Amino acid sequence: MDLTYFSELKSRDEIFISFVCLGNICRSPMAAAIFSNRTKDLTNPRVVVESGGTSSWHVGQGPHPQSKLAWERAGYEYSHKASQFTKLDLERLDLILTMDSENYSNVMSLSNDDVHARKVFMMRDFDFGIEPGQSVPDPYSQEDAAYEHVRELLESAIDGLIQTLWQ
Ligand code: 4NP
């Protein structure tokens, strides 16, 4: 993973970050919930956090109840309404973290410009203890345990992302 872009991000006052999955109701809002709670007191840079889905299937809906329960059980507070990730988001935002390789390809296919491509990373590539290229598995239609697993994977990866941005 090429982290040279991060030295540029670290010098900014404010950066705009989005987490991206397929439906924008399970994984990416949970990532935004964890990240926004853990970074709310951090500055240099300040972060503005959102999330999006590569599909339009759930636009306007709230988070999946099992996802919201999983982040609330862990003590995170966050409100969310689903939206679709667009090319405009890719242009506007500074950093995009995708949950799996399908989301990654879908985001990357929105532009051929390197200026956009360098903003896009796989979420779990910030979990420095594992092989790169791994996914946060889709928990949709699964039991609560799948959502707890997603929360644990996200917490590890978000620890690494926070270290990368503030150390
Ligand atoms: P997410 O999970 O991408 O983590 O929000 C999904 C939500 C909905 C669907 C698939 C995945 N769906 O097929 O509607």
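The figures here come from the full heavy-atom set of this structure, side chains too, leaving out hydrogens, waters and symmetry mates. Whatever order the structure lists ligands and atoms in, that order sets their numbers, starting from 1. Fair warning: this is a prediction, and the values are worked out from it, not measured in the lab.
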Students often mix this up, so state it plainly: with edges at 30° and 60°, are the rings of His80 and Tyr78 parallel, tilted or perpendicular? parallel
Lining ligand 1 at under 4.0 Å, by non-hydrogen atom distance, are residues Cys21, Leu22, Gly23, Asn24, Ile25, Cys26, Arg27, Trp57, His58, Asp138, Tyr140
Listing request: all salt bridge (charged side-chain N to carboxylate O under 4.0 Å, His left out) pairs with a residue in residues 13-27, at least two apart in sequence or in separate chains. Glu14-Arg46, Arg27-Asp100
Is it the case that atom NZ in Lys68 sees more than 12 heavy atoms from other parts of the structure closer than 6.0 Å? no
Quick check for you: to the nearest 0.5 Å, what is the distance between Ser55 atom OG and Asn103 atom CG? 9.5 Å
Side chain to side chain donor-acceptor pair (under 3.5 Å) partners of residues 151-165, not counting sequence neighbours, each pair once: Arg38-Asp159, Tyr76-Glu155, Glu148-Arg151, Arg151-Glu155
Restricting to pairs with a member in residues 120-136, which pass side chain to side chain donor-acceptor pair (under 3.5 Å), not counting sequence neighbours? none
